[in-house]
Amino acid sequence: MANQYPGQSERRIVIETEAQIPPDWGPPRLAVRKSTVSRREPDGIEIFTLSWGTLTARPGEDWVLVQGSGEEYPIKKDIFEKTYEVVAPGRYRKTARSRLIRVPEDVTAVLATKEGELAVRHPDFLVIGVEGEVYANSAAWVAENLEFV
């Protein structure tokens, strides 16, 4: 469906899983994590407002990941266990290779993530998770924390 923004017309595409990514966006690029994170249990139900949207962390279901910058966001505990390893006391590094696709210039990708809905635009990236789920990374965050292989 079309959505009008000042001075431009963008297509809005709702994406919940890897299978819904349009093939003309190209194949995912692989990247490895350079940075580490700490984690904490949510303090009750916590709401995180990010530039793309709002995500929810629930005790018992999620961890809250804490970046070196202090930025926090939730991740499902089962996905964390599959994709992160301990590298120092209280520090973790994602071991799974990230699979990223840059959102095209004329598109708003509305991602239906496990923690909430995110609206992602160029030059940011759609990321495909270990279970085919989707989430977002900003272009600046990718440049600082990932290395393409």
Side-chain angles (χ1 to χ4, degrees), residues 1-40 42 45-58 61-85 87 91-149:
M1 83 178 114
N3 189 9
Q4 295 294 328
Y5 290 88
Q8 71 184 79
S9 177
E10 289 188 342
R11 292 181 297 141
R12 290 177 58 88
I13 299 175
V14 177
I15 300 172
E16 189 172 346
T17 67
E18 175 181 14
Q20 296 169 318
I21 300 170
D24 64 340
W25 290 14
R29 294 180 63 192
L30 298 178
V32 293
R33 186 71 55 98
K34 296 187 284 189
S35 60
T36 63
V37 297
S38 62
R39 71 178 188 194
R40 66 175 179 79
I45 294 177
E46 289 188 53
I47 307 297
F48 296 86
T49 303
L50 306 173
S51 59
W52 304 293
T54 302
L55 301 178
T56 303
R58 292 176 174 79
E61 294 179 28
D62 301 303
W63 288 114
V64 175
L65 296 187
V66 183
Q67 300 289 324
S69 66
E71 179 186 14
E72 296 182 327
Y73 53 88
I75 184 173
K76 294 294 178 208
K77 285 186 173 184
D78 62 329
I79 292 175
F80 179 88
E81 297 305 322
K82 293 176 187 176
T83 59
Y84 281 78
E85 68 179 354
V87 294
R91 300 299 299 177
Y92 305 86
R93 178 175 285 121
K94 188 172 185 177
T95 57
R97 288 186 174 193
S98 295
R99 297 183 299 148
L100 299 99
I101 296 176
R102 189 175 295 250
V103 176
E105 289 185 19
D106 62 342
V107 173
T108 297
V110 180
L111 307 184
T113 75
K114 293 182 176 196
E115 296 82 18
E117 189 174 275
L118 304 173
V120 185
R121 294 181 183 88
H122 184 84
D124 295 336
F125 291 89
L126 178 151
V127 186
I128 303 164
V130 68
E131 296 179 351
E133 77 278 12
V134 292
Y135 57 97
N137 283 158
S138 72
W141 189 90
V142 168
E144 184 177 321
N145 294 286
L146 298 178
E147 183 176 315
F148 285 104
V149 294

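Heavy atoms only: backbone and side chains are in, while hydrogens, waters and symmetry mates are out.
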message = Is a donor from one side chain sitting under 3.5 angstrom from an acceptor on the other, for Q67 and Y73?
response = yes
query = Looking only at atom types and distance, does a side-chain atom of R102 sit under 3.5 Å from a main-chain N or O of P123, one as donor and one as acceptor?
reply = yes
ask   = Closest heavy-atom contact between D124 and A139?
value = OD1-N, 2.8 Å
request  = May I have the step-by-step check of side-chain contact (heavy atoms from CB on, under 4.5 Å) for V14 and R12, ending in yes or no?
outcome  = CA-CA 7 Å; V14 177; R12 290 177 58 88; over 6 Å; no
task = To the nearest 0.5 Å, tell me how far F80 CZ sits from D78 CG.
result = 12.0 Å
message = Using 0.5 Å steps for rounding, measure from the CG atom of L111 to the CD1 atom of I21.
response = 8.5 Å
ask   = How far apart are the C-alpha atoms of L126 and V120, what are their side-chain angles, what is the distance that settles it, and do they pass the side-chain contact (heavy atoms from CB on, under 4.5 Å) test?
value = CA-CA 7 Å; L126 178 151; V120 185; 5.8 Å; no
message = E131: which residues meet the side chain to side chain donor-acceptor pair (under 3.5 Å) condition with it, sequence neighbours left out?
response = K82, K114
query = Distance-only, no hydrogens or angles: does the T95 side chain make a donor-acceptor pair with backbone N or O of T83 under 3.5 Å?
reply = yes
query = Any side-chain heavy atom of F148 within less than 4.5 Å of one from V32?
reply = no
query = Do side-chain atoms of H122 reach the backbone of V103 as a donor and acceptor pair under 3.5 angstrom?
reply = yes
inquiry  = Whether the side chain of D62 engages the backbone of R58 through a donor-acceptor N/O pair (distance < 3.5 Å, no angle test) should be reported.
reply    = yes
query = Which distance, rounded to the nearest 0.5 Å, do you find between the CG of L146 and the CZ of R97?
reply = 12.0 Å
note = Sorted by chain and number, sequence neighbours left out, side chain to side chain donor-acceptor pair (under 3.5 Å) with T113 holds for none
key: Candidate pair R39 and V66, rule side-chain contact (heavy atoms from CB on, under 4.5 Å), full reasoning   = CA-CA 6 Å; R39 71 178 188 194; V66 183; over 6 Å; no
ask   = Mind checking whether E61 and K76 have side chains closer than 4.5 Å, heavy atoms only?
value = yes
query = Do you know which two heavy atoms are closest between A31 and L100, and how far apart they sit?
reply = CB-CD1, 3.7 Å
Return all side-chain donor-acceptor pairs below 3.5 angstrom for residues 23-30, not counting sequence neighbours, or 'none' if the list is empty.
none

request  = Please step through side-chain contact (heavy atoms from CB on, under 4.5 Å) for the pair F125 and R99, ending with a clear verdict.
outcome  = CA-CA 10 Å; F125 291 89; R99 297 183 299 148; over 6 Å; no
request  = Please assess R121 against T108 for the test side chain to side chain donor-acceptor pair (under 3.5 Å), listing each intermediate value before the final yes or no.
outcome  = CA-CA 5 Å; R121 294 181 183 88; T108 297; 3.2 Å; yes
task = Starting at CG of L118, measure out to CD1 of I15 and round the result to the nearest 0.5 Å.
result = 11.5 Å
query = Does Y92 reach the side chain of R33, with side-chain heavy atoms less than 4.5 Å apart?
reply = no
request  = Would you indicate whether the side-chain heavy atoms of P22 and I13 approach each other to under 4.5 Å?
outcome  = yes
task = Identify, with sequence neighbours excluded, every residue that meets side chain to side chain donor-acceptor pair (under 3.5 Å) alongside E46.
result = R40
Worked verdict on E85 versus R93 for salt bridge (Lys or Arg N to Asp or Glu O under 4.0 Å) = CA-CA 6 Å; E85 68 179 354; R93 178 175 285 121; 5.5 Å; no
query = What distance separates L55 CG from E115 CD, expressed to the nearest 0.5 Å?
reply = 6.0 Å
V134 and V127, any side-chain heavy atoms less than 4.5 Å apart = no
inquiry  = I'd like to check the ring-ring contact (aromatic ring centres under 6.0 Å, His included) partners of F48; sequence neighbours left out, ordered by chain and number.
reply    = none
note = Residues pairing under side-chain hydrogen bond (donor to acceptor under 3.5 Å, both in side chains) where one sits in residues 133-149, two or more places apart or in two chains, turn out to be S35-N145, K94-Y135
